[in-house]
2 protein chains.
Amino acid sequence: MNEVIVGGMRFALDLSQPLYEQVLDQVRSSIAKGEIALGEKIPSVREMAQALKINPNTVMRAYQELERDGLTETRRGQGTFITTDAEKVRLIRYRLAEEAVDEFLAKLGSLGFTPSEVAAILRSKGGEA
Amino acid sequence: MNEVIVGGMRFALDLSQPLYEQVLDQVRSSIAKGEIALGEKIPSVREMAQALKINPNTVMRAYQELERDGLTETRRGQGTFITTDAEKVRLIRYRLAEEAVDEFLAKLGSLGFTPSEVAAILRSKGGEA
DNA sequence: TTAAGTGTATTATATCACTTAATACACTAA
DNA sequence: TTAGTGTATTAAGTGATATAATACACTTAA
């Protein structure tokens, strides 16, 4: 398994993807799902790095991207905090969903599947869709 | 644009992805869509490389992966040909679709979307879904 | 037999993204 | 003052990707 729980978030890092992306995705996912309360402090760069056994610079890269997205606010000397703007979280969550949908439809389209065929596949997988 | 047509396939290479993957995806897509007839010969490694202005080794890597997937058959001294096994093409096409669906559902799930919400987003995008 | 065109293999080199390491600085709170 | 924050810098290493230059085995057709 190799799972680590830090700041209420579950990490299972592997080598299939850049580490900073995995950290970024996990934190973003926790925010989007509302598993972390707005305004809450997330683990410091050093604490996260030590817990995940990766370099602080790698954690920094993930944290900086979160701030660029507006999902976190960093306060020098204090730490990194989830934004208190619920609307911002909602918008980013929906934007990420749209990107995933577009990418998905493009990929299925490149395989020659029509929209109704896509719907049929989805029904056979995810329950009702 | 920077589009190139080779062997009836349209290529628009960029730097967002490995070149060999882009070549692989394009050829595979053409096969899956039936834009290339079964048993048909595709451009030689050297011809493709010259047309796309990339290294023959890079084309080779894409062609070898196609053969490993069973989508092509290579005949030393003759060239690379699309498989004549329609069932094999059908299976691989569906396998790729399933992979895309699983990845898509996982990503939306990590953002906290329920299956019905996913369906709603799809309806608002791709027509009916 | 020869020549041209196939797939294939090898070796070397270069570049880039990613990651680590070590260190230092600015700021905040106790 | 001290410990814990975010942040910046410089150096180094690794692996994937891509190119370059050659060479070899095979097939086809002249």
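Note on A:R61: a side-chain N or O is less than 4.0 Å away from OP1 or OP2 of C:dC18. Taking only side-chain nitrogens and oxygens, A:Y20 comes nearer than 4.0 Å to OP1 or OP2 of C:dC18. Residue B:T74 places no side-chain N or O under 4.0 Å from the OP1 or OP2 atom of C:dT6. The shortest distance between the side-chain N/O atoms of A:Q64 and the OP1/OP2 oxygens of D:dG6 is not below 4.0 Å. OP1 or OP2 of D:dT17 has not a single side-chain nitrogen or oxygen of B:T58 nearer than 4.0 Å.
Note: CG (B:L19) to P (D:dA20) measures 12 Å, nearest angstrom. Spacing between atom CG of B:L13 and atom C1' of D:dA18 amounts to 13 Å, rounded to whole angstrom units. The distance between atom CD of A:Q78 and atom C1' of D:dA3, rounded to the nearest whole Å, is 15 Å. What separates CZ of B:R68 from P of C:dT8 is a distance of 11 Å, to the nearest Å. Atom pair B:L15:CG and D:dA16:C1' shows a separation of 15 Å (rounding to whole Å applied). The nearest whole Å value for the distance from the CE atom in B:M60 to the P atom in D:dT19 is 15 Å. Summarising the geometry, the separation between CD on A:Q50 and C1' on D:dT5 is reported as 15 Å, rounded to the nearest angstrom. Rounding to whole angstrom units, CD of residue B:E73 and P of C:dG7 are separated by 14 Å.
Looking at heavy atoms from C-beta onward, A:I54 lies in side-chain contact with A:V23 at the 4.5 angstrom threshold. In this structure the side chain of B:Y94 reaches within 4.5 angstrom of the side chain of A:I121, judged on heavy atoms. Counting only heavy atoms from C-beta outward, the side chains of A:I31 and A:I92 never approach each other to under 4.5 Å. Between A:Y63 and A:P43 there is a side-chain heavy-atom pair separated by less than 4.5 Å.
Across all strands shown, D:dA30 forms a Watson-Crick or G-U wobble pair, both distances under 3.5 Å, with C:dT1.
With hydrogens and angles disregarded, no donor-acceptor distance shorter than 3.5 Å links the side chain of A:E35 to the backbone of A:G8.
On a pure distance criterion of 3.5 Å, a polar donor-acceptor pair joins the side chain of A:R46 and the base of D:dG6.
Comparing atom distances between the A:N57 side chain and each of C:dT8, C:dT20, D:dA18 picks out C:dT20 as nearest.
Along DNA chain C, the nucleotide nearest to A:N55 and the one nearest to B:E67 differ in position, and the one closer to the 5' end is contacted by B:E67. Each of A:P56 and A:R76 has a nearest nucleotide on DNA chain C; the 5'-most of these lies closest to A:P56.
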